[in-house]
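When a ligand or atom number is given, it counts from 1 through the structure's own listing order. No experiment lies behind these values; they were computed from the predicted model shown. Heavy-atom basis, side chains included; hydrogens, waters and symmetry copies ignored.
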Amino acid sequence: MRILGIETSCDETAAAVVEDGAAILSSVVASQLETHGRYGGVVPELASREHLRAIVPVTREALERAATPLAQLDAIAVTAGPGLVGSLLVGITYAKALSFARSIPLIGVNHIEGHIHAVVLENAARIEYPALALVVSGGHTHLFEVRAGFEYRLLGRTRDDAAGEAFDKVAKLLGFGYPGGPVIDRLAPYGNPRAVPFTLARMKGNALDFSFSGLKTAVLRWVESHDMAAEIDARRSLLRTTPHPNTEAWLAVTPQATRDLLASFQRTVIEELLRRAASSAENIAARTLIISGGVASNAGLRAAARDARFPYPALFPSPGLSTDNAAMIAAAAFPRLQRKQFDDFTLSARANLALA
Ligand code: KG4
Ligand code: ZN
């Protein structure tokens with residue numbers, strides 16, 4: 001059974017064809033980084049316009065690469081939320097139109113469930129339930145219990161910034177541009193992760209909730225108390241002349257103290273993520289740990305999860321499936337197709353759609 005997935009929740013226009021929830025026949029992602037990079041973050045109006053431009057060619061390419069005409073599709077899955085409403089609407093409207101014109105069943109998918117299925121897609125046979133899912137991206141930092149049959153229970157979430165957002169804000173502050181995660185990931189190995197002893201505030205209430213805004217403020221304080229204006233300027237002008245500086249170019253404008261700062265920041269985020277993931281996994285007697293979302297591509301996080309030697313497998317998506325894509329959306333819809341649980345044309349965009 002083949003599902004066409006469509007994803008337009010943020011700044012990637014993506015389409016993919018997935019067979020039986022497990023085999024990716026095609027996965028096309030048109031990134032809008034060039035558009036938003038110069039503004040230091042996603043500009044919602046521009047994102048919607050870019051989706052409008054890209055949605056038809058991207059979908060056509062996904063169908064062609066999968067050698068799958070519309071008539072061979074068993075369902076069309078589309079992200080219904082959470083995300084930017086204007087962006088979501090482009091994908092949803094297009095999916096509804098295709099569904100209506102060709103009488104193909106429609107399935108609205110939660111974006112966060114999609115991130116979890118980026119791991120399920122490749123590891124269905126290895127995952128034992130209950131599983132603990134840590135979804136870490138630019139918009140979300142959530143811990144879910146995942147039960148057999150894909151029932152979810154929210155165990156903890158960020159009270160303020162998402163982990164990816166913290167990476168993005170720190171990078172922007174230091175002149176590394178947007179998005180921040182990939183640059184910090186590449187430079188962190190050149191610094192001493194213990195150089196700056198960042199700590200995270202203890203919180204009242206749910207011990208499994210995250211908070212990253214204090215860490216962001218601590219980085220800001222550090223920057224204010226060190227004379228960094230010249231190097232920050234040097235990095236901003238590097239970005240103006242070179243759209244994608246390589247690691248060497250970045251290192252040339254990043255003194256050792258700043259490399260140490262990046263490494264220490266990243267270490268603190270990783271420790272926090274894994275500590276809370278491990279305690280919630282213990283609470284629910286999890287048999288598998290799933291770590292997914294854009295931040296799951298972080299090499300330091302992957303290494304730390306491996307080194308932690310958890311008593312259950314810690315599974316990550318393979319490259320290209322961590323950040324936003326449509327294969328994960330098609331995969332998340334597969335159990336719904338099996339149960340013939342379809343949506344009608346009242347399906348609408350929901351900025352804050354909750355998974356549980
Ligand atoms: O899942 P995603 O593509 O979009 C959302 O649903 O938000 O995640 C994007 C986020 C950005 O904040 C980006 O900085 C972060 O994931 N990210 C990373 C890495 N690659 C992307 N963070 C840390 N290390 C990375 N290698
Ligand atoms: Zn995402």
Side-chain angles (χ1 to χ4, degrees), residues 5-14 16 27 29-33 36-37 40-42 44 47 51 79-84 87-88 91 109-119 133-142 157-158 161-174 176-189 193 212 215-216 244 247 250 262-263 265-274 290-305 316-329 331-332 351-353 355:
I6 293 176
E7 153 67 39
T8 62
S9 68
C10 190
D11 60 345
E12 329 271 359
T13 315
S27 178
V29 180
S31 165
Q32 303 179 4
L33 277 186
H36 304 289
V42 178
H51 285 307
T79 306
L84 301 168
S87 290
L88 289 164
V109 172
N110 183 301
H111 181 81
I112 301 179
E113 182 169 25
H115 276 302
I116 294 171
H117 278 264
V119 173
L134 168 66
V135 181
V136 263
S137 71
H140 336 281
T141 302
H142 286 68
R157 57 174 299 166
T158 180
D161 294 346
E165 199 178 353
F167 273 95
D168 294 337
K169 287 179 175 170
V170 164
K172 188 177 178 185
L173 173 72
L174 293 168
F176 288 102
Y178 172 85
V183 190
I184 295 180
D185 190 7
R186 276 195 283 144
L187 300 185
F212 291 106
L215 176 59
K216 181 189 66 190
H244 306 285
T247 304
W250 278 128
L262 295 178
F265 162 77
Q266 178 170 296
R267 188 235 345 131
T268 311
V269 174
I270 291 171
E271 281 179 2
E272 182 70 357
L273 292 174
L274 292 184
I290 292 171
I291 304 183
S292 191
V295 181
S297 28
N298 188 274
L301 176 62
R302 287 173 182 246
F316 285 82
S318 52
L321 288 177
S322 295
T323 47
D324 290 348
N325 66 86
M328 68 186 198
I329 302 302
N352 298 313
L353 183 61
L355 179 56

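Taking OG of S87 as the reference point, atom CG of D11 lies at 8.0 Å (rounded to 0.5 Å). Note that OG of S292 is 13.5 Å distant from NE2 of H142, once rounded to the nearest 0.5 Å.
Residues D161 and T141 have side chains not in contact (no heavy-atom distance under 4.5 Å, counting atoms from C-beta outward). Between D168 and P179, the closest side-chain pair of non-hydrogen atoms falls below 4.5 Å. The shortest distance between side-chain heavy atoms of F212 and L273 falls below 4.5 Å.
Under a 4.0 Å criterion applied to the non-hydrogen atoms of G164, ligand 1 contributes the atoms 12 (O). If you number the atoms of ligand 1 from 1 as listed, the ones under 4.0 Å from a heavy atom of P179 come out as 14 (O). Short contacts between ligand 1 and H115, defined as distances under 4.0 Å to a heavy atom of the residue, involve ligand atoms 1 (O), 6 (O).
Here the heavy atom of the protein found nearest to atom 24 (N) of ligand 1 is N298 ND2, 3.0 Å. Looking only at protein heavy atoms, the nearest one to atom 21 (C) of ligand 1 is G294 O, 3.4 Å.
In terms of N/O distances under 3.5 Å, ligand 1 is not approached by T323. Close N/O approach between G138 and ligand 1 is found [any backbone or side-chain N/O within under 3.5 Å]. Residue-to-ligand polar distances place G139 within reach of ligand 1: an N/O pair is separated by less than 3.5 Å. Looking at A299 next to ligand 1, no N or O pair under 3.5 Å apart turns up. Residue contacts with ligand 1: G181 is placed with a nitrogen or oxygen under 3.5 Å of a nitrogen or oxygen of the ligand (distance criterion only).
When atom types are taken as modelled, the side chain of D185 and the backbone of G181 share no donor-acceptor pair closer than 3.5 angstrom. With S322 contributing its side chain and P319 its backbone, the two residues share no donor-acceptor pair below 3.5 Å.
When distances to the Zn ion (ligand 2) are checked against a cut-off of 2.8 Å, C10 contributes no N, O or S atom below that limit.
The closest approach of H111 to the Zn ion (ligand 2), by N/O/S atoms, is made by NE2. Within D324, the N/O/S atom positioned nearest the Zn ion (ligand 2) carries the name OD1.
With atom 2 (P) of ligand 1 as the reference point, the heavy atom nearest to it among I270, D324, D185 is part of D324. Nearest-residue assignment for atom 14 (O) of ligand 1 (options I112, D11, D168, V135; heavy-atom criterion): D168.
For the residue pair H51/T8, the side-chain donor-acceptor check at 3.5 Å is not satisfied.
The aromatic rings of F265 and F167 lie perpendicular to each other, with more than 60° between the two planes, well past the 30° mark.
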request  = Take H115 and D324, measure what side-chain contact (heavy atoms from CB on, under 4.5 Å) needs, and give me the verdict at the end.
outcome  = CA-CA 8 Å; H115 276 302; D324 290 348; 3.1 Å; yes
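The closest approach between a heavy atom of H111 and any atom of ligand 1 is below 4.0 Å.
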